[in-house]
Amino acid sequence: MLKRIKEDIQVVFEQDPAARSYLEVILTYSGLHAIWAHRIAHWLYKRRFFFLARLISQISRFFTGIEIHPGAKIGRRFFIDHGMGVVIGETCEIGDNVTIYQGVTLGGTGKEKGKRHPTIKDNVLIATGAKVLGSITIGENSKIGAGSVVLKDVPPNSTVVGIPGKVVRRDGVRVNKDLNHGDLPDPIADILLRMQEEIEQLKKEVEDLRLERSREHGHTNL
């Protein structure tokens, strides 16, 4: 246990250049606190102390802003950086050397039963605000871009971006050479475009009504 605690602290120094001292890391890193609390909760969960396990996970959530279900399986050297808003579901499985950032959700779609959360293989990085949903697998050494929504399996050694997430690089080679950042789906831009089209349609209808009233007024004068 002591060896695992030292390993958790060492990962913080390796991943975060802002970490300056052991005391600072131990006392102020909420991601580290959430992982330690989860280890206790998961130990209780496996021994069917479900209520006590959930109680510990909820207390941890209150103090850290990170929600990890006690049923989730998490490997070694797991690092949560600026973890506020992170959610990890009950049947999620996370390998070794995985890094996730704030706002990441490893959740379900609400449709599955049994295994309904993602499996994250070794050496995966999931960037800020990404959502990985459903009983899917993220392959080894893959990267999920910030804000992406991933609903399908990701092969090993891949980079995924966009909504829905698409593989843009695999084994160091671009998968779609025509894809660039400006081509990524943007739901806000789509909404604004539809609003603009509706405004143009309304303007046309108003203009048609104005012309019709003008013609009627001309006929009345005659």
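We use all heavy atoms of the structure for the numbers below, so side chains are in, but hydrogens, waters and symmetry mates are not. For reference, positions follow the sequence shown, starting with 1.
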Determine, for Glu90 against Arg116, whether the closest basic-nitrogen to carboxylate-oxygen distance falls under 4.0 angstrom.
-> yes
Taking 4.0 angstrom as the limit, do Lys204 and Glu207 come out as a salt bridge?
-> no
Check: [Y] and [X] side chains under 4.5 Å, non-hydrogen atoms:
| X | Y | result |
| --- | --- | --- |
| Leu32 | Asp8 | yes |
| Val98 | Asp96 | no |
| Phe63 | Ile59 | yes |
| Val104 | Ile80 | no |
| Leu106 | Cys92 | yes |

N/O donor-acceptor pair under 3.5 Å between Asn123 side chain and Glu140 backbone | no
What do you reckon, is CZ of Arg48 surrounded by more than 12 foreign heavy atoms closer than 6.0 Å?
-> no
Count the heavy atoms belonging to other residues, nucleotides or ligands that lie under 6.0 Å from NZ of Lys115, then report whether that count exceeds 12.
-> yes
Evaluation steps, side-chain hydrogen bond (donor to acceptor under 3.5 Å, both in side chains), between Glu197 and Gln201 = CA-CA 6 Å; Glu197 291 173 349; Gln201 181 63 30; over 6 Å; no
Is the His42 ring parallel, tilted or perpendicular to the Tyr45 ring (thresholds 30°, 60°)?
-> parallel
